[in-house]
2 protein chains.
Amino acid sequence: MNRKITSQYQAEAEIFKALSHPTRLFILHTIKEKSYSVSQLAKMVGIDISTMSKHLDLLKRYKLIGGIKERNTVYYQLTIPCLFDFIRCARKMIDCSPECQQLQCVPKKLNQ
Amino acid sequence: MNRKITSQYQAEAEIFKALSHPTRLFILHTIKEKSYSVSQLAKMVGIDISTMSKHLDLLKRYKLIGGIKERNTVYYQLTIPCLFDFIRCARKMIDCSPECQQLQCVPKKLNQ
DNA sequence: CAGTTATTTGGTACTTTTGCCAAATTGCCA
DNA sequence: TGGCAATTTGGCAAAAGTACCAAATAACTG
């Protein structure tokens, strides 16, 4: 059954993995309003340009962002507008715990 | 600035990381309707019980699931009901690409 | 209490991810 | 064409994640 589960959830897991690094979340939030170049983003975060390039490449591979080349600078921008509906959704979930307690949707008997 | 970004997006990134493994997504979907024990889940996936225990522990650390002990078996269940609103939301995003093309929300000039 | 069952923890090996440096590539401009 | 600027790629080392086995723990049962 291992194979079956893998194929079913692999793709989904990979998207989450793409979103599972602070720098990449920063990128997505930062280029939401305005495109930035690789070196601009690298400077903002304080990491090597090549490292930033690789983060951007990863996001590009999952079609979350895309780059537009002007002269010899690549400006990155969001490809999927609904990405932020999603992230808003994620935050709602993350903040859910207290709400959950109000709504009493925590399992009745939790061992500690 | 590195520090600032880390603190701001670290927590969010960690939640995504918790969701970035096929087995853990399987767990969440499987215990949605009905609680299962560690060994039951391990058998379904076809991995070692100790490995499954560690996946469950990770999800528990992020308060996504909780365990109820009956006799000497621990049954795991979802803690956050809105988790699936979120996952539905994630799937919508993942399936977004074709929609996006219809809606022409792909950047105008994408270099390949 | 001794044995059994279920889970967790510790240890180890393997793989993947991340980040830097250096080198290669691409495209502009004099 | 030669040099410059921006980005990408390759290589390596450190860190993190994953999976197994074996041992430890916890809780029931005779």
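Lettering of chains follows the sequences in order, A, B, ..., and the numbering in each one begins at 1.
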Identify, between B:Leu58 and A:Leu56, the residue whose nearest nucleotide on DNA chain D lies closer to the 5' end.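 Of the two residues, A:Leu56 wins.
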With a 4.0 Å cutoff (strictly under), does any side-chain N or O of [X] reach OP1 or OP2 of [N]?
| X | N | answer |
| --- | --- | --- |
| A:His21 | C:dG19 | yes |
| A:Ser37 | D:dA6 | no |
| A:Ser39 | D:dT7 | yes |
| A:Arg71 | C:dT26 | no |
| A:Tyr76 | D:dT8 | yes |
| B:His55 | D:dG17 | no |

Mind checking if [X] touches a base, just sugar-phosphate, or nothing, with heavy atoms under 4.0 Å?
| X | answer |
| --- | --- |
| B:Tyr75 | nothing |
| B:Thr51 | base |
| B:Ser50 | base |
| B:Lys17 | sugar-phosphate |

What is the distance, rounded to the nearest whole Å, between atom [atom1] of [X] and atom [atom2] of [N]?
| X | N | atom1 | atom2 | result |
| --- | --- | --- | --- | --- |
| B:Ile49 | D:dC20 | CD1 | P | 11 Å |
| B:Ile47 | D:dG17 | CD1 | P | 17 Å |
| A:Met52 | C:dT17 | CE | P | 18 Å |
| A:Phe16 | C:dT17 | CZ | P | 17 Å |
| A:Lys69 | C:dT25 | NZ | P | 14 Å |
| A:Asp48 | D:dA13 | CG | P | 17 Å |
| A:Glu70 | D:dA6 | CD | P | 14 Å |
| A:Asp57 | C:dT18 | CG | C1' | 14 Å |

Could you check if a side-chain atom of A:Met52 sits within less than 4.5 angstrom of a side-chain atom of A:Ile27, using non-hydrogen atoms only?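 With C-beta onward as the side chain, the pair touches.
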Please give me the minimum heavy-atom distance between A:Leu41 and A:Thr30, naming the atom from each residue.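 Looks like CD2-CG2, 4.0 Å.
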Looking only at N and O atoms, is any donor in the side chain of B:Asn72 or the base of D:dA26 less than 3.5 Å from an acceptor on the other one?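 Side chain to base: no pair present.
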At less than 3.5 Å, do the side-chain atoms of A:Lys54 and the base atoms of D:dG10 form a donor-acceptor pair?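 Yes.
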With under 30° as parallel and over 60° as perpendicular, where do the rings of B:Tyr9 and A:Phe26 fit, or are they tilted in between?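 Correct class here is perpendicular.
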Parallel, tilted or perpendicular: which one describes the rings of B:Phe16 and A:Phe16, with boundaries at 30° and 60°?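 Parallel, since the angle between the ring planes stays under 30°.
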Among A:Lys54, A:Arg61, A:Lys60, A:His55, the one residue meeting side-chain hydrogen bond (donor to acceptor under 3.5 Å, both in side chains) with A:Asp57: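 The option that passes is A:Arg61.
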Does a donor on one side chain sit under 3.5 Å from an acceptor on the other, for B:Tyr75 and B:Glu70?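 Side-chain D/A pair, B:Tyr75 to B:Glu70: absent.
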